[in-house]
Amino acid sequence: MAQAREQWTSRTGFILAAVGSAVGLGNMWRFSYLTAEGGGAAFVLLYVIFTLLIGLPILLAELAIGRGARHSPIGALAHFGGRAWRPLGLLFVASGFLILSYYSVIAGWTVRYLLAAFSLDWGSDPGSYFGGISQGGPAVIAHVGFMAITVVIVAGGIQRGIERAALVMMPALFLIVAGIAVYAALLDGSGPGYAYYLSPDFSKLGDPELLTAAAGQAFFSLSLGMGAMLTYGSYLQRHNDLPAEATIIAGADFGVALLAGMMVFPLIFALGLEGQVIGTYGTDADIGSVGALFVTLPGAFTQMGPAGQIVGPLFFVALLVGALTSAISLLEVVVASGIDVLGWQRRTTTLIAGGAIALLGVPSALNLAWLDVADTIANNLFLVGGGLGLAVFTGWIMRDPISEAAGTATERALMRLWLPLLRFAVPAALLLVLWYAVPATWSKLVGLLG
Ligand code: PHE
């Protein structure tokens, strides 16, 4: 027999959970390293444009579909579009599997770094410390440990697990990130960091590689294109004002990314470490781009002396909290589908899904190159492709998306802009991105296998 669908207890609870999904490793680790590799402010600018023109419309679409159908992705798409759309929902579940499998490996590194940060265990050679913990046995253990924590929270359900975790953790994250950004501003020599980060080199804007990366990042950071926001929306009630919620979520997500950059770049420039991370785009720097911040920032904490023993642990707490609330939403997509489609119990589903994802993550924990490829496939293909599917679905297939999404009369008027975006601009932009991304991802995969 179908159980009554769970619901958020409060609007704040929902918003914090959704912001918790959005804010994560994507805002701090991924955003910073892509910005560092990809030309600083030019990348930031592209990312802002994609967030506003593509991210926000799709976020609203996901919330509206989820709330309207009150079902996890597979059933929700079938509800509005018929059974032919179930494969798109399946792709979402597959994305959840794939992303969480390596996301949890990086979160596992974060756990290790947090434990090491109190005594700055990496000493004067953070590079070899990273080498030691990022691949192989230690990485597998930390990854499995992190998955276990995620499973426990998701097994607790929407109110007692997911919402409660977000209510406690997200405010702490904001305070820490803002605090470190202020601290970084007070350091001597942080000026060039801001310049690199905030004044764009416009000649780079047309670079297809940068374009693809910025689009993938806009999706990843807002948790879009794989049904996470759709699933969270399915626990909402009718009276929520979706355009307002979507704006708050996107604003908070962007705000944290911006702040994260204001903590990372001033810090590494002030301490003279920029040579390690800046402008390595497309090169095969030894530690690999994905590891760069896990080497450079710890180095910065060591150089700070005693202050580093405070800033370091705080930084990794924030990173871990962000990772956890995001991992929760990734797992929830898979779990909600198990519950809704297969009729399983939440606890059993969570345990099975969590175990399977932990297994799938082992190759990423053993080999950094594999992690990098999984991340590229997930972002540049799955999320961008999923976003394209969602735009077409909402723009062309749903009968009355505006009534599903809009609350007030003003909003209905604004929606006249939303629908053409979803119908034309978003699909066109995403097709262009895929045009570049498919061959690039393919050659990366071939590079790994060959
Ligand atoms: N948005 C999360 C982050 O920035 C990652 C994520 C992607 C979470 C997709 C859920 C779905 O870290």
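Positions are given from 1 along the sequence. Atoms within a ligand are numbered from 1 in the order they appear, just like the ligands themselves.
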Tell me the protein heavy atom at minimum distance from [atom], and give that distance in Å.
atom                    : value
atom 7 (C) of ligand 1  : F220 O, 3.4 Å
atom 3 (C) of ligand 1  : A22 O, 3.3 Å
atom 9 (C) of ligand 1  : S223 CA, 3.5 Å
atom 12 (O) of ligand 1 : Y103 OH, 2.5 Å

Is the gap between the ring centers of F316 and W109 under 6.0 Å?
no

Y232 and W8: aromatic ring centres closer than 6.0 Å?
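That pair passes the under 6.0 Å test.
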
Run the numbers for me: atoms of ligand 1, each under 4.0 Å from some heavy atom of [X], listed by number.
X    : result
S221 : 1 (N), 4 (O)
M226 : 9 (C), 11 (C)
S21  : 1 (N), 2 (C), 8 (C), 10 (C)
N27  : 4 (O)
S326 : 2 (C), 3 (C), 12 (O)
L25  : 12 (O)
L330 : 8 (C), 9 (C), 10 (C), 11 (C)

The single option from F315, Y183, F294 that satisfies ring-ring contact (aromatic ring centres under 6.0 Å, His included) with F301 is F315

Please tell me whether N380 and T212 have a donor and an acceptor in their side chains that are separated by less than 3.5 angstrom.
no

Under 3.5 Å, is there a donor on one side chain and an acceptor on the other for Q159 and E6?
no

Where does the angle between the aromatic ring planes of Y113 and W122 fall among parallel (under 30°), tilted (30 to 60°) and perpendicular (over 60°)?
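Rings of Y113 and W122: tilted, as their planes differ by 30° to 60°.
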
Assess whether a salt bridge exists between E245 and R67, defined as any Lys/Arg side-chain N lying under 4.0 Å from an Asp/Glu carboxylate O.
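So E245 does not pair with R67 through a salt bridge.
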
I'd like to check the side chain to side chain contact (heavy atoms under 4.5 Å, CB included) partners of A172; sequence neighbours left out, ordered by chain and number.
none

